[in-house]
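A note on names: the letters A, B, ... follow the listed sequences, proteins ahead of strands, and every chain is numbered from 1. Just so you know, these numbers come straight off a predicted model, no measurement behind them.
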2 protein chains.
Amino acid sequence: MSNKEQEVLEKYISQHNLKITKQRRAVLEAFLNCEDHVSAEELYKIVSAKEPKIGLATVYRTLSLLTESGLAAELDFGDGQKRYEMNYAHEHHDHMICTECGKIIEFHNEVIEKLQEEVAQKNGFKMTSHKLDLFGICKECQQ
Amino acid sequence: MSNKEQEVLEKYISQHNLKITKQRRAVLEAFLNCEDHVSAEELYKIVSAKEPKIGLATVYRTLSLLTESGLAAELDFGDGQKRYEMNYAHEHHDHMICTECGKIIEFHNEVIEKLQEEVAQKNGFKMTSHKLDLFGICKECQQ
DNA sequence: CTACCTGCAAATTATTTGCCTTAAC
DNA sequence: GTTAAGGCAAATAATTTGCAGGTAG
C-alpha cells in the first residue's frame, strides 16, 4: 500500500509536523477505493466497516486534510452537503448531474475552458478555479 | 407600486389560493431594491428596517415563494448559504466571484452556452439548467 | 515525553417546522 | 367565518469544536 496517493499525503503530513495514524490511512484508502463524489457521511459508513471505532469528526477532519494536501477536491451540487472527489493526477473536468437518479457524468471541453479564460481576462479577473455543472435528465432516466 | 414583479407574484398567489400580505409585499420590495445576490439573512435585515416585527422564517418562506413563482433564482457559491437573485425579465448569465472581496461580476457568453448544449446532447443528456462560476481575484483586489 | 490526534458530546450555522394567534378574502 | 400566513421557539441537518485521554515520532 505504498501508492502515489499515500506518498503525497505523507509528504504533506511530515511537512506540516502532523502525524500518520491508522485512521488517516483508513480514510484515505476508503476514499481511493470508493466511487467518486462521496459525501463525508457516506465515507464514514464505508470506513466504519474496517475501523468501527472511528468517529465522524475524524472523517471530516481527514477530508479537510486531503483537500489541503491537494489529494481531494470539494464539490457542491447544491443538495446541502459537500462531496469529494479524487484530485491527484486527475485532470480537470466538469459535471453533468441527473436530477432524477443523482448520477454524475464527467466531461471535459477544451474550447469551453479557453473561452472561460478569455472572459476572465477581458474583465481583468485573475481566475484561480472554476466550476461548470449541467443539471438535467440522463439518457437512462428518459426511458 | 404596481410594477411587473408585483403582478407576477400576485398572479402566482391567486392561482395557488394563497394570500397577499404586507410582509410578502415588503420582502418583495426589499428584494427588488437591494443589490443582487442577497442571502436570506441579509434580506431579513433590510426588511426589518421597514417591518420591524417580521420574522426570519417569513423571509425564508417568502423567498421560497418567489423562487417557485419564478421571480427569484437560488444561487449557491459554496460559502454555506444560499443567495438569491432577480430572475424575472432577466436574461441568463454566469458569475465571476472574487474570493478576496466577495464581489460578483455577471457575464454572458453565447458560445459557451452553445457548447454546453452540444456536450449535453452528445451524451444523450437532456439539460434543464446549468451554472458556471469562475472563482478568482477581481481587478481591484489585484491592486 | 511532547505534541498532535481521536472519540465523544456539545456547539454552530443555515434553514425548516410546529403551533397557536392573527389577518386575508 | 374559513383558511392560509405570521411570529416565535424548538427541531433539523451538516459540519465544527472543546476537551480529556491516547498514540505517533
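- Heavy-atom distances to DNA chain C give each of B:Arg83 and B:Lys22 a nearest nucleotide, and the one nearer the 5′ end belongs to B:Arg83.
- Judged by distance alone, the side chains of B:His92 and B:Glu113 do bring a donor and an acceptor atom under 3.5 Å apart.
- Close to D:dG6, at under 4.0 Å from its OP1 or OP2, lies a side-chain N or O of B:Thr21.
- Among the protein residues, B:Lys53 comes within range of the sugar-phosphate backbone only, with heavy atoms under 4.0 Å from sugar or phosphate atoms but none that close to a base.
- For the ring pair (Phe, Tyr, Trp, His ring centres under 6.0 Å) condition, the pairs that include at least one residue of residues 22-54 of chain B, sequence neighbours left out, are B:His37-B:His95.
- Straight-line distance from the CZ atom of B:Arg24 to the C1' atom of D:dG7: 14 Å, rounded to whole Å.
- Helix-axis bend for the helix from C:dC1-D:dG25 to C:dC25-D:dG1: the local axis fitted to the five terminal pairs at one end deviates from that at the other end by 30°, rounded to 10°.
- The shortest distance between side-chain heavy atoms of B:Glu118 and A:Asn109 does not fall below 4.5 Å.
- Note on A:Leu75 and A:Ile46: separate hydrophobic clusters, where clusters join Ile, Leu, Val, Met, Phe, Trp and Tyr whose side-chain heavy atoms are under 4.5 Å apart, directly or indirectly.
- When the shell of 6.0 Å around CD of B:Glu35 is examined, it contains 12 or fewer heavy atoms from other residues, nucleotides or ligands.
- Each of A:Leu18 and B:Ile20 has a nearest nucleotide on DNA chain D; the 5'-most of these lies closest to B:Ile20.
- Rounded to an integer number of Å, the gap from CD of A:Glu10 to P of D:dA24 is 13 Å.
- At a threshold of 4.5 Å between side-chain heavy atoms, the hydrophobic network of Ile, Leu, Val, Met, Phe, Trp and Tyr places B:Leu115 and B:Phe107 in one connected group.
- With hydrophobic clusters built from ILVMFWY side chains whose heavy atoms lie under 4.5 angstrom apart, A:Leu65 shares a cluster with A:Leu56.
- Cluster annotation: B:Ile97 and B:Leu132 are assigned to distinct hydrophobic clusters (Ile/Leu/Val/Met/Phe/Trp/Tyr, side-chain heavy-atom contacts under 4.5 Å, transitive).
- If you measure from atom OH of A:Tyr44 to atom P of D:dT15, you get 14 Å, rounded to the nearest angstrom.
- The nucleotide range of DNA chain C contacted by chain A, defined by atoms under 4.0 angstrom from heavy atoms of the protein and reported 5' to 3', is C:dA3 to C:dC8.
- A continuous path of hydrophobic side-chain contacts links A:Met96 to A:Val111 [ILVMFWY only; heavy atoms under 4.5 Å].
- Counting non-hydrogen atoms of neighbouring residues, nucleotides and ligands closer than 6.0 angstrom, the NZ atom of B:Lys103 exceeds 12 such neighbours.
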Atom pairs under 3.5 Å: protein N/O with N/O of nucleotides 1-3 of chain D:
{"from": "D:dT3", "atom 1": "O2", "to": "B:Lys19", "atom 2": "NZ", "distance (Å)": "2.4"}

Checklist line | Verdict with reasoning, A:His90 to A:Glu106, per side chain to side chain donor-acceptor pair (under 3.5 Å) | finding: CA-CA 12 Å; A:His90 223 253; A:Glu106 300 180 353; 5.3 Å; no
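- With salt bridges taken as basic N to acidic carboxylate O contacts below 4.0 Å, one links A:Arg25 and A:Glu10.
- In this structure, the side chain to side chain contact (heavy atoms under 4.5 Å, CB included) partners of A:Thr67, at least two apart in sequence or on a different chain, are A:Ala72, A:Glu74, A:Tyr84.
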Which atoms of nucleotides 16-21 of chain D (N or O only) lie under 3.5 Å from a protein N or O atom, and what are those distances?
{"from": "D:dG18", "atom 1": "O6", "to": "A:Arg61", "atom 2": "NH1", "distance (Å)": "3.4"}

